[in-house]
Colleague: 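My questions all concern the structure below.
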Amino acid sequence: MVIEVVRIGQRLVRDDRVTTHVALVARAFGASKIFMTEVNPEIKETIEKINKTWGGDFVIEFIDSWKHVVKKKKVEGFKIVHLTMYGEDINDAQKDLSKEKNLVVVVGAEKVPREIYELADYNVGVGSQPHSEISALAILLDRVHKGMQFNRDFPGGKRKIIPAKKGKNVLVNETRD
Ligand code: SAM
């Protein structure tokens, strides 16, 4: 299953850290790409550094129009999942979502444009209380992958963590700079 993420909107400066964390969660929880508008150009550098150190080839693409990306992805056969507290309960939607082949997950920052509710194949609520796009994305990806995303390999990194009950066990590949 290919999963990509679209972040709609960002409140200038205030959302910088949240946007970075949305991208980090997308990468760590099994998505391959995130689309976002270029309000925070350093984020690309941050994620490239993370890829270099910890592996994988997660991609950030800056876009002008979320609508253009969503419509294009629909034509390519992706199903659009819009995360919103007003949506269908994730406990009800997750069975159908797991059967889909490729997904684009849309998360907002502030109030999202009404049109996304219509363009989405699924409007999904992670509970019906307001919380955060970071938590909503993490839970959606975990439900869809059923925890198996953590078995994925992130090849090509300089460092690899060997899970340990105590302390830190990190393999360092000295051939990579
Ligand atoms: N009042 C805003 C609205 O109308 O959507 C909430 C914005 S919230 C700070 C930012 C994003 O977090 C939302 O666009 C949505 O993607 C996600 N989000 C927040 N709570 C959620 C929930 N309970 N279920 C799913 N997504 C949620």
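This chain uses plain numbering: 1 for the first residue, then up along the sequence. When a ligand or atom number is given, it counts from 1 through the structure's own listing order.
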Colleague: Nearest 0.5 angstrom please: Ser135 OG to His21 NE2, how far?
Modeller: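 Reported to 0.5 Å precision, the distance equals 13.0 Å.
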
Colleague: Checking the N or O distance criterion of under 3.5 Å, is ligand 1 in contact with Tyr86?
Modeller: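 No; every N/O pair is 3.5 Å or more apart.
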
Colleague: Among Asp89, Ile134, Val18, Thr84, which one has a heavy atom closest to atom 25 (C) of ligand 1?
Modeller: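 Ranked by closest heavy atom to atom 25 (C) of ligand 1, first place is Thr84.
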
Colleague: For Gly125 and ligand 1, does the shortest N/O to N/O distance drop below 3.5 Å?
Modeller: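 Among all N and O atoms of Gly125, none is under 3.5 Å from an N or O of ligand 1.
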
Colleague: Could you tell me whether Gln129 approaches ligand 1 through its side chain, its backbone, both or neither, with non-hydrogen atoms closer than 4.0 Å?
Modeller: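 Contact part for Gln129 vs ligand 1: backbone (N, CA, C, O).
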
Colleague: How long is the gap from OG1 on Thr46 to CG on Asn40, to the nearest 0.5 Å?
Modeller: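 Rounded to the nearest 0.5 Å, the OG1-CG separation comes to 7.0 Å.
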
Colleague: Could you tell me the separation between the CZ atom of Phe58 and the CG atom of Leu24, rounded to the nearest 0.5 Å?
Modeller: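 Output value for this atom pair is 8.5 Å.
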
Colleague: Work out whether the distance between some heavy atom of Ile8 and some atom of ligand 1 is less than 4.0 Å.
Modeller: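 No heavy atom of Ile8 comes that close to ligand 1.
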
Colleague: If you count the non-hydrogen atoms of other residues, nucleotides and ligands that lie under 6.0 Å from CG in Asp57, is the total more than 12?
Modeller: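 No, not enclosed.
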
Colleague: So is Ser128 polar-close to ligand 1, meaning N/O to N/O under 3.5 Å?
Modeller: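 Min N/O separation from ligand 1 is not below 3.5 Å for Ser128.
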
Colleague: How about Glu118: does its CD atom have over 12 heavy atoms from other parts shown lying under 6.0 Å from it?
Modeller: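 No - once you tally the heavy atoms of other residues, nucleotides and ligands closer than 6.0 Å, there are 12 at most.
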
Colleague: Under the side-chain contact (heavy atoms from CB on, under 4.5 Å) test against Val144, which residue among Ile139, Val105, Leu97 passes?
Modeller: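 When side-chain contact (heavy atoms from CB on, under 4.5 Å) is applied between Val144 and each of Ile139, Val105, Leu97, only Leu97 qualifies.
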
Colleague: Enumerate the atoms of ligand 1 whose separation from the nearest heavy atom of Val107 is less than 4.0 angstrom.
Modeller: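 Reading through ligand 1 atom by atom, the close ones are 16 (O).
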
Colleague: Would you check whether Val106 has a nitrogen or oxygen atom less than 3.5 angstrom from a nitrogen or oxygen atom of ligand 1?
Modeller: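 N/O-N/O distance below 3.5 Å does not exist for this pair.
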
Colleague: Taking the ring centre of each residue, are Tyr117 and His82 less than 6.0 Å apart?
Modeller: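 Yes, ring centres under 6.0 Å apart.
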
Colleague: If hydrogens are left out, which of His131, His82, Lys111 has an atom nearest to atom 22 (C) of ligand 1, that is, the closest non-hydrogen atom?
Modeller: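 Heavy atom nearest to atom 22 (C) of ligand 1 belongs to His131.
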
Colleague: Starting at CD1 of Ile80, measure out to CD of Glu100 and round the result to the nearest 0.5 Å.
Modeller: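 Answer for the CD1-CD pair, Ile80 versus Glu100, is 10.5 Å.
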
Colleague: Test of understanding: given a 4.0 Å heavy-atom threshold, classify the contact between Ala109 and ligand 1 as side chain, backbone, both, or neither.
Modeller: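 The answer is the backbone.
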
Colleague: Does His68 have more than 12 heavy atoms from other residues, nucleotides or ligands lying within 6.0 Å of its NE2?
Modeller: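 Not more than 12 within 6.0 Å, no.
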
Colleague: Can you confirm, on distance only, whether ligand 1 has an N/O atom lying under 3.5 Å from any N/O atom belonging to Ala136?
Modeller: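 No; every N/O pair is 3.5 Å or more apart.
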
Colleague: Hey, does Leu83 come in under 3.5 Å of ligand 1, counting only N/O atoms on both sides?
Modeller: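 The answer is yes, given that Leu83 and ligand 1 share an N or O pair closer than 3.5 Å.
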
Colleague: Against heavy atoms of Val112, which atoms of ligand 1 measure under 4.0 Å?
Modeller: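 Those atoms are 14 (O).
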
Colleague: Within ligand 1, which atoms have a heavy atom of Val124 less than 4.0 Å away?
Modeller: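 Within the 4.0 Å cut-off of Val124, ligand 1 contributes 25 (C).
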
